[in-house]
**Q** 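I am attaching a structure below and will ask some questions about it afterwards.
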Amino acid sequence: MTDSQPLPNRFAALLATLADGNDLPTCDERELLDLLGRHPELVDEYLAQVSMHNLLSWELAGSEPPLVMPSVDSLAQPASGPLPAIARRMASIAPAAWAVAAGLLLAAGLFGWFSLGARATVAVLIDTEDAVWRQPVNPAFGAALARGERLALRSGVARVGLSDGAGFVLEGPCSAVLLSAHRVRLESGNLVAFVPEGAEGFTVTTPAAEIVDLGTRFAASVGDGGATLVRVLEGAVEARPRSSNAEPLRLDADQSLRFDASGQVASAEPLPLELPEPPRLDQLLAYRPGRRPPALRQTVVGASDAPPSGLPAHGLMVCEQFLARPVRRPTADALESWRFSPQHVIWGVRSPALVYHDLDLAGRAVAIRGRGPAEPLLANRLSRRLAQAVDEQVYFSFIFRYDGLDEGDFFVLWFDTTDSIDASHSKAPSVGIKAGRILARLSMAEESYGVAVADGRPLRLVGRLFKHGSDRYNRLAVWIDPPAGSAPQPDLTAQVEGGQLAAFTHLGIRMGQDTEADDRLLLSQLRLGHAWDDVHASGGE
Amino acid sequence: MTAPALPEDAASNPADQSERLSPPTDPDQAYVALVARSQPALRTFLHALVRRGADVDDALQETNVVLWQKRHEYDPQRPFLPWACTVARLQALAHLKRSRRHEHAALNEELFAHLADAAARHVEHTEAQLQALRECLEKLPQRYDRIVRWRYGANRSVKEIADATQQSADAVSMALYRARRQLNDCVRLTLHRWSYA
C-alpha cells in the first residue's frame with residue numbers, strides 16, 4: 001500500500017484495514033477522511049464495509065471456524081475439483097434420501113476438505129457414552145483423529161465417523177487403530193459398523209480375519225488370542241482368514257462366522273452381545289472430519305451479574321438476566337462467562353417472549369432447544385464457571401417455561417465441578433423437570449418429585465442447597481412459585497446420607513436425551529446467593 | 001466489543017410497586033429491549049464516526065448510559081433508532097473532540113455531519129440486514145466463507161491469518177474486503193427481494 005496507488009485502490013486499501021477491525025494510523029485516517037470529503041460518492045462504500053464488519057462481528061463472534069486455515073491462493077479461483085468416488089457414487093446412483101444427503105455433503109464442501117489440511121486426519125470422534133479411555137488424554141467430542149491413531153477404551157463406548165463415509169462404534173474394553181479413512185485394525189473388543197451406500201469397501205482387519213463390507217451394518221468381536229466373531233446385521237460382508245489365501249466367504253444378514261486364533265473358520269455362532277448403536281446417517285453427515293460440528297461450536301459471552309435494584313448485591317454470586325448479547329470473549333476458559341452452542345441456545349433479544357405473572361421478560365431470557373437428531377448424546381447446554389468455588393449453603397432461583405413438554409422431556413439446573421461437554425452431571429445436585437414433574441435430586445439414586453408441570457406454563461423455582469451433618473451437600477429443598485415474603489415450607493426436598501459434592505465451581509442447564517428438536521426451554525432471572533432474600537427479594541416481582 | 005452498559009433492571013425492583021406490578025408493556029422494560037436490540041446498529045453508527053475500536057466501545061457505553069438517563073424523554077410513538085442515533089451522534093462528537101485533542105487533526109464538522117446523516121440512514125435497516133446476512137452467509141462461496149469465519153468466527157487477526165497461510169496481510173485484507181462487498185451485494189438484493197415478496 002503506497003500513496004502512489006490510484007484512488008480506488010488506495011481508498012480500498014485504507015478502508016479494508018479499517019473494516020478489518022484495525023485502527024488506522026492517524027495519517028492514514030486523515031487520508032481516508034480527506035478522500036471521503038473530496039469524493040462523497042465513496043461514502044456508500046465506506047458505510048457498507050464498516051457496517052458489514054460489525055454485522056459479521058455480531059453474527060459470527062464466538063462460532064468455531066473450520067479447522068483448516070483458508071488458502072488465499074484459492075480465493076482467486078472457485079473451489080472445485082474432482083469429486084472422490086464416494087461423492088460421485090452417492091450423487092449418481094443413490095436413492096432419494098441419499099441424493100439429499102449427497103447434496104448436503106457436496107454443498108458443505110466435505111469432500112474437498114482433506115486436500116487442504118496438513119494433518120492426515122482420517123476420522124472424527126462423534127461421541128462417547130461412559131467412556132473410560134486407556135490413553136492419558138481423552139479425545140473430545142468432535143476431535144480429529146489421525147491415521148495411525150489408537151483408540152483404546154477400558155469401558156464405555158465411542159463413536160467414530162470416517163472421512164470416506166463409514167462410521168463405527170467401539171465398545172470397551174477394546175483397542176483399535178485407524179489405518180486409513182476406510183480401514184481399521186481391531187485388536188481386541190467389539191466394533192459395530194454402519195457403512196452407508198457409497199462407502200462400501202470399509203474394511204476391518206483383526207489378528208485372525210479381514211472383513212470387507214459390501215454396504216451394511218455388521219459387528220466384529222476380537223477375543224483372546226485374536227479369535228474373531230463376525231455377525232452381519234444388515235446387508236452383506238466378505239470375510240476371509242488372514243492366515244491363508246482362501247477365497248473370502250460371503251455373509252448375509254443375520255449370518256455369523258468365527259475365525260479362531262490361527263485363522264481357521266471354526267464355527268458359526270451368534271454374537272452373544274447387547275450391541276451398541278453405531279453412528280447414524282445424520283451423525284455421519286453432521287460430524288464431518290476437518291470441520292467442527294455445529295453442535296460443538298461454542299460461544300462465550302460474559303456474565304452480566306448486575307443485580308437489579310432492590311436485591312442485595314453483596315449476597316449474589318450469580319444474577320443473570322440474559323440481556324442482549326453482552327461481551328463476546330472467544331476464549332472457552334474465561335471466568336464468569338457463559339458457554340453454549342449458538343446452534344442450540346438463543347440469547348437475550350432473540351429469545352421468544354416470556355411473561356411470568358405480570359413480569360414481561362422479553363429480551364431477558366435464554367432459550368435452549370431440545371436435542372437434534374445428529375447429536376443424541378450431546379446435552380444441549382448452557383454453563384458457566386463461578387468466580388470461586390462454593391462450599392457453603394446457597395439459595396438459587398430462576399423463572400422458566402418449557403414449550404413442547406411431554407413425559408420424556410428432561411432438563412435440570414445443575415451444580416458441579418466441571419462443565420465438560422461429555423459430563424452427564426447425573427451425580428450432581430440438580431433441579432428441573434423429569435417425567436413431566438418438578439425434580440430435585442442429589443444423585444441419580446435419590447430423586448424427589450413435585451407437582452406436575454403443564455406445557456408452556458411459566459414457573460419460578462427457588463432452591464436451597466446445603467449440608468446437614470456432613471462436609472458434602474446432602475440436602476436440597478425446592479419451592480415452586482413461592483409467595484412473597486419469608487420462606488414457607490418447601491414443596492419438595494431431596495436428601496442423601498453423605499452426599500457426593502463438597503463444593504462446586506460450575507453451574508449450568510442441560511436438556512435431556514429424549515427432548516425433541518422443536519422443544520424450547522425459556523429461562524430467565526437466574527440467581528445464586530447466600531440467603532433467601534438474595535434470590536427471592538421480599539415482595540418478588 | 002465491550003458490554004453495553006445496560007441499565008439496572010428496574011422492573012424487578014421490589015421496592016417500587018408501580019414498576020414491579022406493571023403490565024407486560026411496562027415502558028422501562030420495553031425501553032431496555034429497544035436499547036438492547038439497537039446495539040448492532042449503534043455500534044455500526046459509532047464505528048463509522050469514531051473509527052478506533054476502543055473509542056467506539058467507549059462511545060457505545062456512554063451512549064447506552066445517556067439513553068437510559070433520557071428514557072423519559074423518548075416518545076414511544078416515534079421510531080427508536082433515529083432518536084438513539086441522535087444521542088449517539090452527540091456522544092461521538094464529544095468523544096472525538098476529547099480523545100483527539102492532542103492530535104492536531106482538526107475535526108471536519110461538515111464531513112462529520114455528512115457521515116452521521118448517511119450512517120443514520122444506513123443503520124435504519126440493521127435488523128433486516130442481519131436476517132438477510134444469515135441467508136447470504138449460507139450462499140457465500142467456500143473460498144470466502146472460510147476466511148470470513150476465521151476472521152469473525154475465530155476472531156483471528158488479519159496478520160494471524162496471513163502468517164498461518166503464508167500470504168501477505170494485504171492479500172488477506174483484500175480478500176476480506178471482497179467478501180464483505182459480496183455479502184453487502186447479497187444483503188441488498190435479498191432485502192430488495194423480500195420487499196417485493
Side-chain angles (χ1 to χ4, degrees), chain A residues 1 12 16-21 23-24 26 29-30 33 36-37 43 47-61 63-66 69-72 74-75 78-79 109 302 306 308-310 321 323-324 326-328 330 348-349 355 358-360 362-363 537-541, chain B residues 1-4 6 8-15 20-24 26 29 33 36-37 39-40 43-44 47-48 51-53 103 105 108 111 115 118-119 122 129-130 133 141-143 146-150 152-155 158 164-165 167 170-177 180 183-184:
Chain A
M1 280 183 248
T17 304
L18 178 71
D20 287 339
D23 292 345
L24 289 171
T26 302
E29 184 184 17
R30 204 176 297 155
L33 291 175
L36 287 169
V43 169
L47 291 175
Q49 284 284 329
V50 170
S51 169
M52 187 50 65
H53 164 75
N54 285 281
L55 295 183
L56 287 166
S57 297
W58 179 263
E59 185 59 27
L60 296 178
S63 63
E64 283 285 337
M69 274 279 188
S71 156
V72 177
S74 73
L75 298 171
S309 53
Q321 306 194 64
L323 281 168
V327 187
R328 280 111 169 291
V349 292
V355 178
D358 288 336
L359 183 64
D360 183 359
S538 58
E541 277 85 356
Chain B
M1 217 184 276
T2 57
L6 290 173
E8 288 184 341
D9 179 11
S12 50
N13 177 358
R20 177 160 46 85
L21 300 178
S22 55
D26 178 291
Q29 291 175 28
R37 195 182 301 163
Q39 294 301 295
R43 195 177 197 286
T44 297
H47 193 190
R51 287 171 293 279
R52 293 184 190 172
E103 294 182 6
N108 181 338
L111 176 61
L115 286 178
H122 188 91
Q129 287 169 343
L130 268 172
L133 176 61
Q142 193 180 37
R143 61 190 187 279
R146 288 180 199 166
I147 198 167
V148 162
R149 289 183 190 278
W150 270 103
Y152 294 101
N155 200 24
V158 167
T165 56
Q167 304 292 324
D170 286 353
V172 173
S173 184
M174 286 318 294
L176 281 165
Y177 185 89
R180 284 190 297 264
L183 284 169
N184 262 312

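Proteins get letters first, then strands, A, B, ... in listed order; numbering begins at 1 in each.
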**Q** At their closest point, which heavy atom of R180(B) faces which heavy atom of A19(A), and how far apart are they?
**A**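 Heavy atoms only, the tightest pair is NH1-O, 3.1 Å.
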
**Q** To the nearest 0.5 angstrom, please state how far the CG atom of L55(A) sits from the CZ atom of R43(B).
**A**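 Nearest 0.5 Å value for the CG-CZ distance: 11.5 Å.
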
**Q** Output the distance between atom CG (L18(A)) and atom CZ (R51(B)), rounded to the nearest 0.5 Å.
**A**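 Separation between the atoms: 7.5 Å.
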
**Q** Apply side-chain hydrogen bond (donor to acceptor under 3.5 Å, both in side chains) to T44(B) and list each qualifying residue two or more places apart in sequence or on a separate chain.
**A**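 For T44(B), no residue satisfies side-chain hydrogen bond (donor to acceptor under 3.5 Å, both in side chains) once neighbours in sequence are set aside.
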
**Q** Against chain A, label L183(B) side chain, backbone, both or neither, depending on which of its atoms sit under 4.5 Å from a heavy atom there.
**A**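 For L183(B), backbone and side chain are both near chain A.
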
**Q** Please report the shortest heavy-atom distance between L130(B) and W58(A), naming the atom on each side.
**A**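 Minimum heavy-atom separation between L130(B) and W58(A): CD1-CD1, 3.6 Å.
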
**Q** Side chains of L33(A) and N108(B), heavy atoms from C-beta outward: is any pair under 4.5 Å?
**A**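 Answer no - side chains too far apart.
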
**Q** Do M52(A) and L176(B) have side chains that approach each other closer than 4.5 Å (heavy atoms only, starting at C-beta)?
**A**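 The answer is no, as the side chains (C-beta and beyond) never meet within the 4.5 Å cut-off.
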
**Q** Could you report the tightest heavy-atom contact between S51(A) and Q129(B), atom names first, then the distance?
**A**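 Residues S51(A) and Q129(B), closest heavy atoms: OG-OE1, 4.0 Å.
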
**Q** How far does CG of N54(A) sit from CD of Q39(B), to the nearest 0.5 angstrom?
**A**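 If I round to the nearest 0.5 Å, the distance is 11.5 Å.
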
**Q** Identify, with sequence neighbours excluded, every residue that meets side chain to side chain contact (heavy atoms under 4.5 Å, CB included) alongside A118(B).
**A**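 Applying side chain to side chain contact (heavy atoms under 4.5 Å, CB included) to A118(B) gives V43(A), L47(A), R121(B).
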
**Q** Given 3.5 Å as the limit, does a donor-acceptor pair link the side chain of Q49(A) with the main chain of Y177(B), or not?
**A**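 Yes: the side chain of Q49(A) pairs with the backbone of Y177(B).
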
**Q** Considering only heavy atoms, which portion of H47(B) lies under 4.5 Å from any heavy atom of chain A: side chain, backbone, both, or neither?
**A**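 Both parts, heavy atoms under 4.5 Å.
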
**Q** Output the option from G37(A), A48(A), G21(A) having the highest count of non-hydrogen pairs under 4.5 Å with chain B.
**A**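 Looking at each of G37(A), A48(A), G21(A) in turn, A48(A) comes out on top.
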
